[in-house]
Amino acid sequence: MSVSGLCQICESRPATARCENCGTLACAQHYESGLGLCADCAAQAQPGRERSEVDEYRF
Ligand SMILES: [Zn+2]
Ligand SMILES: [Zn+2]
């Protein structure tokens with residue numbers, strides 16, 4: 001995977017990957033390669049792969 005541009009989180013390092021969730025370009029420090037997520041999304045994501053968000057509305 002190759003991306004060009006600056007990390008959109010610290011805006012000081014060249015980005016090395018793109019977040020699979022939000023598409024943010026992230027440098028090595030702000031990208032969780034194990035999760036494929038930027039630091040922001042990784043912080044919100046649970047260790048498991050099950051997510052229960054408020055996106056789901058039940059009536
Ligand atoms: Zn960064
Ligand atoms: Zn993200």
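For ligands, and for the atoms within them, numbers begin at 1 and follow the listed sequence. This chain uses plain numbering: 1 for the first residue, then up along the sequence.
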Please state the angle at the Zn ion (ligand 2) spanned by SG of Cys22 and SG of Cys41: what is it, rounded to 10 degrees?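 It is 110°, given to the nearest 10°.
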Please work out the angle at the Zn ion (ligand 2) defined by atom SG of Cys38 on one side and atom SG of Cys19 on the other, rounded to 10°.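 Cys38 SG and Cys19 SG form an angle of 120° at the Zn ion (ligand 2).
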Interatomic spacing from OG in Ser12 to NE2 in His30 - rounded to 0.5 Å: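 Between atom OG of Ser12 and atom NE2 of His30 there are 7.5 Å.
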Polar side-chain atom of Arg18 near backbone of Gly23 as donor-acceptor pair, under 3.5 Å: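 Confirmed, Arg18 side chain pairs with Gly23 backbone.
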Indicate yes or no for a side-chain donor-acceptor contact from Glu32 to the backbone of Cys38 under 3.5 Å, with no hydrogens or angles considered.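 Not at all, since once roles are kept as given, no pair shorter than 3.5 Å links the two residues.
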Given side chain to side chain contact (heavy atoms under 4.5 Å, CB included), test Leu6 with Leu25 step by step and report yes or no. CA-CA 7 Å; Leu6 285 176; Leu25 297 175; over 6 Å; no
Can you give the angle Cys10 SG - the Zn ion (ligand 1) - Cys7 SG, rounded to 10°?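 Between SG of Cys10 and SG of Cys7, the angle at the Zn ion (ligand 1) is about 100°.
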Have a look at the Zn ion (ligand 1) and estimate, to 10 degrees, the angle subtended by ND1 (His30) and SG (Cys27).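 Nearest ten degrees: 100°.
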